[in-house]
Amino acid sequence: MSDNQWNPALYQQKHSFVFEYGKDLLALLDARPGERILDVGCGTGQLTHSIAAVGANVVGMDVSPAMIETARRNFPELEFIVADASNFMLPEKFDAVFSNAALHWVTSAEAAVRCIHQALNPGGRFIAEFGGKGNVAGIALAIRQILQTRFAIETHHRWYFPAIGEYATLLEKHDFMVQQAHWYERPTKLEGEDGMRNWIIMFCAAMFQGLADDEQATALRCIEERLRTTHYRDGSWFADYTRLRVVAQRR
Ligand code: BEZ
């Protein structure tokens, strides 16, 4: 398992559901021709491309140079930049900031909200969806328990999965009007018999640092066994996703 959690090839081949589900959110963004839109955490650029397709001027931004390199290769006509969602300042202002399945990686959530606020024109909108409270709780618990009991490794995930009240309050503190906030469960089908291990390899590699290759293989097998009764049904693996979706307007 590589400790580089951003493997663009694995992301595009096996985790395309991330941007497939994101298409729903595009309807809420309702981008118009000529609008300036910032796509925060654009990954390999598929949704950035959909936003551009309606005639909006879009900039895709991601903290991962590997993801941005792939996004540029996928869509050379579009603008992509490497920047951290919790520490950026761009010379231009935007009519909307869009973010799909990215902000749960940004543990400095307040700093990110500040940056997004300053990136928007007054009246600009913020449309985002990411992991909500309880997201992947079952998977995270299985990883933690197996690493603890089999390898005496204490590990905690470093994701940000807020409840509606917490995130809406944060947005209101920073001068946003929260127009919609919705938490919902979205069990997400993973691709193939190796779906769960591929998901863990893609997104949880950091938790396995310090284990030798054979130990990682054992850990993955034990985690799969542990999750099979709760996360495998009708021949498919499912991740226990919950989502937080927000629509807010900068005052
Ligand atoms: C998510 O989309 O909810 C997610 C993806 C990777 C790691 C954690 C959460």
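Computed from a predicted model, the values in this text were never measured in an experiment. Order of listing sets the numbers, starting from 1, for every ligand and every atom in it. In what follows, residues are counted from 1 in the order of the sequence shown. All values below were derived from every heavy atom in this structure, side-chain atoms included, with hydrogens, water molecules and symmetry-related copies excluded.
- Heavy atoms of His157 come nearer than 4.0 angstrom to ligand 1 in no pair at all.
- Residue contacts with ligand 1: Trp199 is placed with no nitrogen or oxygen under 3.5 Å of a nitrogen or oxygen of the ligand (distance criterion only).
- Nearest protein heavy-atom neighbour of atom 9 (C) of ligand 1: Asn135 ND2, 3.6 Å.
- Residue-level proximity to ligand 1 for Tyr160 is absent, since no heavy atom of it falls below 4.0 angstrom.
- The protein non-hydrogen atom at the shortest distance from atom 2 (O) of ligand 1 is His104 CE1, 3.1 Å.
- Here Phe208 and Phe151 keep their ring centres 6.0 angstrom or further from each other.
- Counted within 6.0 Å of CD on Glu166, heavy atoms from surrounding residues, nucleotides or ligands total more than 12; the atom is thus considered enclosed.
- By the 3.5 Å distance cut-off applied to N or O atoms, Trp159 is not counted among the residues near ligand 1.
- Taking the ring centre of Phe75 as origin, the terminal cationic atom of Arg72 falls outside the region bounded by 6.0 Å and 45° from the ring axis.
- Atoms of ligand 1 found under 4.0 Å from any heavy atom of Trp105 (numbered from 1 in listed order, with element): 6 (C), 7 (C).
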Stepwise salt bridge (Lys or Arg N to Asp or Glu O under 4.0 Å) test for Arg186 and Glu129: CA-CA 12 Å; Arg186 198 197 70 198; Glu129 182 170 290; 3.7 Å; yes
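- Scanning all protein heavy atoms for the shortest distance to atom 3 (O) of ligand 1 gives Arg243 NH2, 2.2 Å.
- Atom CZ of Arg150 has 12 or fewer heavy atoms from other residues, nucleotides or ligands within 6.0 Å.
- Heavy atoms of Phe130 come nearer than 4.0 angstrom to ligand 1 in no pair at all.
- Under the 6.0 Å distance and 45° angle rule, Arg233 counts as a cation-pi partner of Phe238.
- Checking Glu193 against Tyr232 by side-chain atom types alone, a donor-acceptor pair falls below 3.5 Å.
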